[in-house]
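Quick notes on the structure that follows.
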Amino acid sequence: MARGKRRAPDCGVREVYSLRREWRLGAWLAPALCFFCGCEPSPPESVPAPLRASDVAQPAGWADELAMPSTPDLNPDPNVLEIELEARVADVELLPGLKTPAWTYNGTVPGPMLRAKIGDRVIVHFKNSLPEPTTIHWHGLRVPNDMDGAPGVTQTPIESGGSFRYEYTLTDAGTYWYHPHLDSSTQVGRGLYGAFVVDDPADPKAFGDELVMLLSDMGLDEDGQLLPADTGGSFGDLFGREGGTLLVNGKVRPTLKVRNGKQQRWRIINATRARYYNLRLRNHRFVRLGGDNGLAARSEDVYNLIVTPGERADAVFTPADAPGSRNVLRWVPTERGYGSTFNRSSEDLLDIETVADAPVTPEPIPTELRTIEPLDVANATQRTLELTIAIASSVEMGVNGVPYWKTKPIETTLGATEVWRIVNNTDFSHPFHLHGYFFQVQDPARVLEWKDTVNVPTKSEITLAVRFDDRPGAWMYHCHILDHAEAGMMGTLVVRDPSTAAADLPPPTHHH
Ligand code: C2O
Ligand code: CU
């Protein structure tokens, strides 16, 4: 039966109307056609064809419990996002009825979600009202070097009571986030993080309504107080500190309402210090669209979504449960090295309530998403970075055996392409993150995509290709298990512009 093109309705009345119209058309059209061809008309169908996902809206209030805090855009120019951001200690309710004195951006955990489009200018008037110095790193955004928030490398720490103006232009669509880069395990662990989505107005709408899910965990005692930053001592440094309270957009086990067949596009951000997420939903698969830098070359059908610290996942979720039923998105223990799955069971993250409305037919998701040229590595400089752990009286981590506070920067030239082997012979997995540039993992088994953070499983290695095409300066790379970074698994890369005089070179990296 021919179907007219219909806009997504915004209320049930419209749905009923379009159904009835379809019925009338069908009842009229079938005998009319049969008159010309001479066959017996079949009786009109008694069951109307199901609606398509694009014909209906998400259930009323579908994502209310997952609503992200926001902050006003102070600039009337539609191409400028100008905001005020204040880091301060504030009481937030994470466990029912209990106040947690969290470290926050603008008083909430997570901080305000920022959203803008490619090409927009961003101006952030930042004030530090924390008792300690801090900086903001715009994880994944290709900002100018002096906006990158690396303390002692690209800026001096912003003292308590101080302020700083961050300003840059958004060059890439995708799902990003922001967090402190000073004493980062402690500051992130206390609640300092927020989501940053950069839209590409050309993205197909068939991916579904968007839901940003910022995943974090917090170490709280039974009164809702933050556990000490050094909880677990050197074992905490070694294993990485996972908080026992799992949050989705700052909530413990919120409820998401869905309708069978009505797709949603999930943008997932892992903002924890150390927890790996392996997300599973009984009776479901996901279509992975990409992650760190937006769309991958192709979409991919997956059973579970793995998001390691610092990484993002972009996926289509097609609800498949019976109308009127409930399901739960679970965190499943994931192997990330010594003791990481021992004696642990799954944890419930998000309740999924399928509303009673009739199922709809999902929209097809394209396979080809984006043209990504593989980097030409024929003349690339090769390097090996080995992630190392030395255990003596304390835990000292490093790259090639050298902790951050003794490291000398790697040097390269603007325009160079390099191939880095990241080797991990330690007993733990490490999510390796590079500031300032996206890379391509050299692995034919993976869908081609641009990334800024990649997991290097224990006792293995990965190879990545990267081109330092722009923005000379000093950039950091480190393990995004923040306890590991603070224990020394961090280094700097200096991208030199040969046309720049030596006096203008970035400062040496001395900070601890
Ligand atoms: Cu998200 Cu250097 O970090
Ligand atoms: Cu690590």
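All ligand and atom numbering here is 1-based and tracks the order in the structure.
A donor and an acceptor atom, one from each side chain of H484 and R273, are nowhere located under 3.5 Å apart.
Under the side-chain contact (heavy atoms from CB on, under 4.5 Å) criterion, A229 pairs with T186, R190, not counting sequence neighbours. The ring-ring contact (aromatic ring centres under 6.0 Å, His included) search around W420 returns Y477, not counting sequence neighbours.
Other residues, nucleotides and ligands place more than 12 heavy atoms under 6.0 Å from the CZ atom of R88. Q382 CD: more than 12 foreign heavy atoms inside a 6.0 Å radius.
The distance cut-off of 2.8 Å around the Cu ion (ligand 2) captures these protein N, O or S atoms, sorted by chain and number: H430 ND1, C479 SG, H484 ND1.
If you count the protein N, O or S atoms nearer to atom 2 (Cu) of ligand 1 than 2.8 Å, you get 3.
Side chain of R421 to backbone of I462: no donor-acceptor contact under 3.5 angstrom is found.
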Check the pair Y277, I306 against side-chain contact (heavy atoms from CB on, under 4.5 Å), reporting the backbone distance first and the verdict last.
CA-CA 6 Å; Y277 282 81; I306 294 181; over 6 Å; no
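For E242 and R336, the salt-bridge test passes: some basic side-chain N is under 4.0 Å from an acidic carboxylate O. In summary, R265 and D203 engage in a salt bridge, as defined by a charged side-chain N under 4.0 Å from a carboxylate O.
Between H139 and H480, the distance from one ring center to the other falls under 6.0 angstrom.
In H179, the N, O or S atom that comes nearest to atom 1 (Cu) of ligand 1 is NE2.
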